[in-house]
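To start, the structure itself, in structure tokens.
Chain naming here is simple, since letters A, B, ... match the order of the sequence lines and numbering starts at 1 in each. Excluded from the calculations below are hydrogen atoms, water molecules and symmetry mates; all remaining heavy atoms, backbone and side chain alike, are included.
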2 protein chains.
Amino acid sequence: MPAKRQPARPPAEHAPLELEHFLPYQLSIVSNTVSQAIADDYQRRFDLGVTEWRVMAVLARFDGLSAREVAERTAMDKVAVSRALARLVEAGRVDRATHDGDKRRSVLNLSEAGWAIHDQVAPMARQRERELLAKLDAEEQAWLERILGKLMPPEH
Amino acid sequence: MPAKRQPARPPAEHAPLELEHFLPYQLSIVSNTVSQAIADDYQRRFDLGVTEWRVMAVLARFDGLSAREVAERTAMDKVAVSRALARLVEAGRVDRATHDGDKRRSVLNLSEAGWAIHDQVAPMARQRERELLAKLDAEEQAWLERILGKLMPPEH
DNA sequence: CCGTTATAGTTACAGTTGAAACCATTTGCA
DNA sequence: TGCAAATGGTTTCAACTGTAACTATAACGG
């Protein structure tokens, strides 16, 4: 067995980054790990991508949004929303109509089938969130909520 | 101007997710925003992708790693590491040799050119981290560090 | 009105990504 | 030994992503 590898250079010379204590890196790892865990739950079972699920989640809360409004609320760009909607409409999970008085806009709603999926996926997502929070005590949970609120870019 | 849109269904009926207060979603937004900001700094200037930078960062700390060890330390999969290394070696930023006594393994090190890039990018990354932390007071910073430590998956 | 500019949404293209198959080498063990 | 399984690494293929170009409709300014 090879000996445990040691940092090979004096930090003063090059000041290498310690990735595992670097905040943006930690955020990326934690975020990807939990998102992937949630996605695994519904990806195969419902043939539903992350972007599609996010679109469904906002349509569950707000009726009749346009694609642009969905993009704002999901922090996705309009191309991603357009593609997610194409799949969702094709699969009969979202109903798309045209706005009265502005033929450019679509008017989007979950279909019955869409609601049926939503009502299965939403509890699974909440459960994963609980599992993540279970690693923290009550005080830490409160601080995390507060901190993320401050770190979120203002437009979201 | 259209009236502010209201939630259209009673929460009790379908319990839709409030994305903007959903922890995994917040993490994803914050993480992507900050990672993108950092990446923009060096992406164009050095023609260096995020995956390549991560590989360089671990090679700055540990000499002579194999590709597999790089993958472990960066939390990237081996395919991504293989491709990042191909570009880095091609660009003369990483030297790749073959391990004595195990011809499957490579032995990786930053080249002089690699170090030169590292020594420019690392301070930029640290600066971005400081800007992120500047949104928090000292107490929040301490809690965030503690919390992320607990949320990081054990293997990283 | 009519031409310019802006907006909603889609399409095309090129680059990126991940899963699985693949090759070469090494290890384990009968 | 020698052969099956494991390991390090690359390649392939299909899906996904972002940017820019495009179409259609609406808003604006003279």
_Hydrophobic clusters here meaning ILVMFWY residues chained together by side-chain heavy-atom distances under 4.5 Å, can you tell me if Val107(B) and Leu110(B) are in one?_
no

*asked:* What is the separation between atom CD on Glu72(A) and atom P on dA8(C), rounded to the nearest whole Å?
replied: 9 Å

_Rounded to whole Å, how long is the line connecting atom CZ of Arg68(B) with atom C1' of dT10(D)?_
16 Å

*Picking from Ile147(A), Leu144(A), Val30(A), what satisfies side-chain contact (heavy atoms from CB on, under 4.5 Å) with Leu148(B)?*
Val30(A)

*asked:* Please give me the minimum heavy-atom distance between Leu48(A) and Glu52(A), naming the atom from each residue.
replied: CD1-CB, 3.7 Å

*Rounded to the Å, how far apart are Glu69(B) CD and dG8(D) P?*
9 Å

*Between Asp77(B) and Asp102(A), just flag the one whose closest nucleotide in DNA chain C comes earlier from the 5' side.*
Asp102(A)

*asked:* Between the base of dG18(D) and the side chain of Arg83(A), is there a donor and acceptor pair under 3.5 angstrom?
replied: yes

*What integer distance in Å separates Leu88(A):CG from dG9(C):C1'?*
16 Å

*asked:* Using whole Å, what does the distance between atom C1' of nucleotide dT7(D) and atom CZ of Arg105(B) come to?
replied: 9 Å

*Met76(A) CE to dA8(C) C1': how many Å, rounded?*
16 Å

*Does Arg96(A) have a side-chain nitrogen or oxygen under 4.0 Å from the phosphate oxygens OP1 or OP2 of dT10(C)?*
yes

*Mind checking Lys103(B) for me? I need base, sugar-phosphate or nothing, with any heavy atom below 4.0 Å counting as a touch.*
sugar-phosphate

_Value in whole Å for how far the C1' atom of dG18(C) lies from CD of Gln43(A)_ = 12 Å

*Parallel, tilted or perpendicular for His14(B) and His118(A), by the 30°/60° rule?*
perpendicular

*Indicate, yes or no, whether a donor-acceptor pair under 3.5 Å links the base of dT7(D) to the side chain of Arg104(B).*
yes

_Distance test, side-chain N/O of Ser106(B) to OP1/OP2 of dG9(D), below 4.0 Å_ = yes

*asked:* Nearest to the side chain of Arg87(A), heavy atoms from C-beta on, is which of dT26(C), dC16(D), dT11(C)?
replied: dC16(D)

*Do Gln127(B) and Glu131(B) meet the criterion of a side-chain donor-acceptor pair at a distance under 3.5 Å?*
yes

*Has Ser82(B) got a side-chain N or O lying under 4.0 Å from the OP1 or OP2 atom of dG9(D)?*
no

*asked:* Using the side-chain heavy atoms of Val79(A), tell me which of these nucleotides is nearest: dT10(C), dG9(D), dG9(C).
replied: dT10(C)

*What is the distance, rounded to the nearest whole Å, between atom NE2 of His99(B) and atom C1' of dA24(C)?*
17 Å

